[in-house]
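Here the structure is laid out as structure tokens; the discussion comes afterwards.
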Amino acid sequence: MKNTLLHYYFKLRNSSPIWNFLNREAKTLFITNKPELEVIQKNILADLQKNGIAVTDLESLFPGENLLSTLNAFKDTLNPETAEQGKKAFLKKYWDKFPTFNLNNPFLTFTLSKKVLSLVNSYMDQWSILRYYDLAKTLPVGESAEEVQSQRWHRDPEEKMMVKVFIYLNDVDMEAGPFIYAYESQEGGKFGKLFPQETPLGVYPPEEELLKKVPKENIHTMTGKAGTVIFCNTAGLHKGGFAKTKERIMFTASFTASSYSEAPLYSIPKESDLSLLSPEARFTISQAKHLN
């Protein structure tokens, strides 16, 4: 009964009139502060709007900044053996589920950068909220293992539109659990109504059923070199992390509309100086809990 009520709550909240009303402030802020996008951002945005996903790399986004080395150097200072681990046994987390916000973290510098936020907000057509950020190693499970949880085809259930940004920290081939996406399966796309979201539990269509209805040319496997960056509307059909013989190390930043009902999964220390952040960046972390 509870899940049924939640399903109808999410369905109502995601309806266009309610969605637009609840996010009216964020939409107004975007319209009155519309960013000027660079050519690469425009190309990424066009792919996102058409296919629900776009792929680039750190060097193209931040030329000459050697950001991959900076991120890997910071990653190497972390000890995943001391971090709180989640429910997915095939993932090894580098920090706790509720990390403490730290502006010296270069992954957050990337996430809160004007280039990233301008792109995410332009796709969302509003100023967005950073819900969580995560760094994890995907552990190899062997050739004979079965796909489980997010390794299976699914839609993220919470919102009709959201953006996740992924960074591969190592080379990811077919053996390392690459991200896989069905092009045009986002809302408004050709396959946007196929296997619709079932909130709050989500939908996990059998692969054989999905492949009968989505042409092979629309199924894209995102293998890539270290430094690959993926922007994706994960309300579209996707799966990933089925690492067979090689590990994958990946950073994730998840953005939603401000109307999303759950609080961000990180906290901000009281002494944090946020004055140097852009207005868009301050807004994107505005719903996070502040520690006393």
Side-chain angles (χ1 to χ4, degrees), residues 6 68 70-112 116 128-142 145-152 154 156-159 162-170 172 176-179 199-202 204 226 229-230 232 234 238-244 246-256 260-272 274 281 284-292:
L6 278 173
L68 177 61
T70 300
L71 295 177
N72 268 320
F74 185 83
K75 180 260 295 177
D76 290 341
T77 68
L78 305 174
N79 182 5
E81 298 303 323
T82 63
E84 173 191 3
Q85 299 302 313
K87 296 179 180 179
K88 296 179 180 179
F90 57 88
L91 293 181
K92 191 74 170 178
K93 303 281 189 173
Y94 278 83
W95 49 59
D96 294 341
K97 183 178 180 180
F98 295 90
T100 301
F101 186 86
N102 179 1
L103 284 173
N104 293 321
N105 181 337
F107 289 98
L108 283 176
T109 302
F110 164 88
T111 301
L112 301 179
V116 170
S128 58
I129 297 293
L130 175 65
R131 288 294 157 194
Y132 71 83
Y133 54 93
D134 180 55
L135 180 63
K137 180 187 295 184
T138 304
L139 304 175
V141 294
E146 292 186 5
E147 295 179 349
V148 297
Q149 297 168 295
S150 57
Q151 295 172 340
R152 298 169 55 200
H154 66 286
D156 288 358
E158 305 91 344
E159 296 276 272
M162 62 193 82
V163 178
K164 285 184 180 176
V165 185
F166 305 106
I167 306 174
Y168 290 166
L169 276 295
N170 64 328
V172 175
F179 189 77
T199 53
L201 299 177
Y204 291 82
V229 180
I230 302 169
C232 183
T234 54
H238 65 284
K239 66 175 183 172
F242 186 55
K244 298 176 183 178
K246 298 178 184 178
E247 66 183 30
R248 179 190 72 179
I249 303 175
M250 188 174 80
F251 172 74
T252 304
S254 179
F255 296 90
T256 70
Y260 185 52
S261 54
E262 293 187 13
L265 300 180
Y266 55 92
S267 54
I268 301 175
K270 183 179 180 181
E271 65 273 13
S272 298
L274 307 178
T284 205
I285 61 173
S286 63
Q287 294 184 6
K289 178 182 178 182
H290 284 252
L291 300 174
N292 294 324

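Across Arg248 and Val172, no two heavy atoms sit closer than the pair CG-CG2, 3.5 Å. Contact between Gly241 and Gln151 at its shortest, heavy atoms only, is O-NE2, 3.0 Å. Nearest heavy atom pair, residue Ile129 against residue Pro264, reads CG2-CG, 4.4 Å. Smallest separation of non-hydrogen atoms from Gln149 and Tyr204: O-CE2, 3.4 Å. Among all heavy-atom pairs drawn from Tyr168 and Pro178, the shortest one is OH-CA, 3.8 Å.
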Yes or no on side-chain contact (heavy atoms from CB on, under 4.5 Å) for Phe98 and Tyr132, after CA distance, side-chain angles and deciding distance? CA-CA 8 Å; Phe98 295 90; Tyr132 71 83; over 6 Å; no

Do Ser150 and Lys88 pass the side-chain contact (heavy atoms from CB on, under 4.5 Å) test, and can you show the C-alpha distance, the side-chain angles, and the key distance before you say yes or no? CA-CA 9 Å; Ser150 57; Lys88 296 179 180 179; 2.8 Å; yes

Determine, stepwise, if the pair Thr138 / Glu247 fulfils side-chain contact (heavy atoms from CB on, under 4.5 Å). CA-CA 5 Å; Thr138 304; Glu247 66 183 30; 5.9 Å; no

Could you give me the CA-CA distance, side-chain angles and deciding distance for Val148 and Phe242, then say whether side-chain contact (heavy atoms from CB on, under 4.5 Å) is met? CA-CA 8 Å; Val148 297; Phe242 186 55; over 6 Å; no

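Annotation: side chain of Thr70 is not in contact with side chain of Phe74 (no heavy-atom distance under 4.5 Å). Under the 4.5 Å side-chain criterion, counting only non-hydrogen atoms from C-beta, Thr284 is in contact with Ser128. The side-chain heavy atoms of Leu71 and Ile167, taken from C-beta on, include a pair separated by under 4.5 Å. With contacts defined as side-chain heavy-atom distances shorter than 4.5 Å, the pair Ser267/Phe101 does not qualify. With a 4.5 Å cut-off on side-chain heavy atoms, Leu291 and Ile268 do not count as touching. Looking at heavy atoms from C-beta onward, Val141 lies out of side-chain contact with Lys244 at the 4.5 angstrom threshold. The closest side-chain heavy-atom distance from Leu103 to Thr109 is not below 4.5 Å. The shortest distance between side-chain heavy atoms of Phe255 and Lys164 does not fall below 4.5 Å.
In this structure a side-chain-to-backbone donor-acceptor pair under 3.5 Å is missing from Asn170 to Ala226. Judged by distance alone, the side chain of Gln85 and the main-chain N or O of Ala83 form a donor-acceptor pair under 3.5 Å. Side-chain atoms of Gln287 never come within 3.5 Å of backbone atoms of Ala263 as a donor-acceptor pair (strictly under, hydrogens ignored).
Ionic pairing of Glu81 and Lys92 is present here: one or more N-O contacts between side-chain nitrogen and carboxylate oxygen are shorter than 4.0 angstrom. For Lys97 and Asp134, the salt-bridge test fails: no basic side-chain N is under 4.0 Å from an acidic carboxylate O. Between Glu147 and Lys239 a salt bridge is recorded (basic side-chain N to carboxylate O distance below 4.0 Å).
Between the side chains of Ser254 and Arg131, not a single donor N or O lies within less than 3.5 Å of an accepting N or O.
With rounding to the nearest 0.5 Å, the separation of CG in Leu135 from OG1 in Thr252 is 8.5 Å. Atom CD1 of Ile230 sits about 11.0 Å away from atom NE2 of His238, to the nearest 0.5 Å. Between atom CG of residue Leu169 and atom CD1 of residue Ile249 there is a gap of 6.5 Å, rounded to the nearest 0.5 Å.
Here the rule is side-chain contact (heavy atoms from CB on, under 4.5 Å) with Leu112, and of Leu274, Asn105, Ile285 only Ile285 fits it. Each of Phe166, Phe251, Tyr266 was compared with Phe107 under the ring-ring contact (aromatic ring centres under 6.0 Å, His included) criterion, and only Phe251 meets it.
No more than 12 heavy atoms of other residues, nucleotides or ligands sit less than 6.0 Å from atom CD of Glu146.
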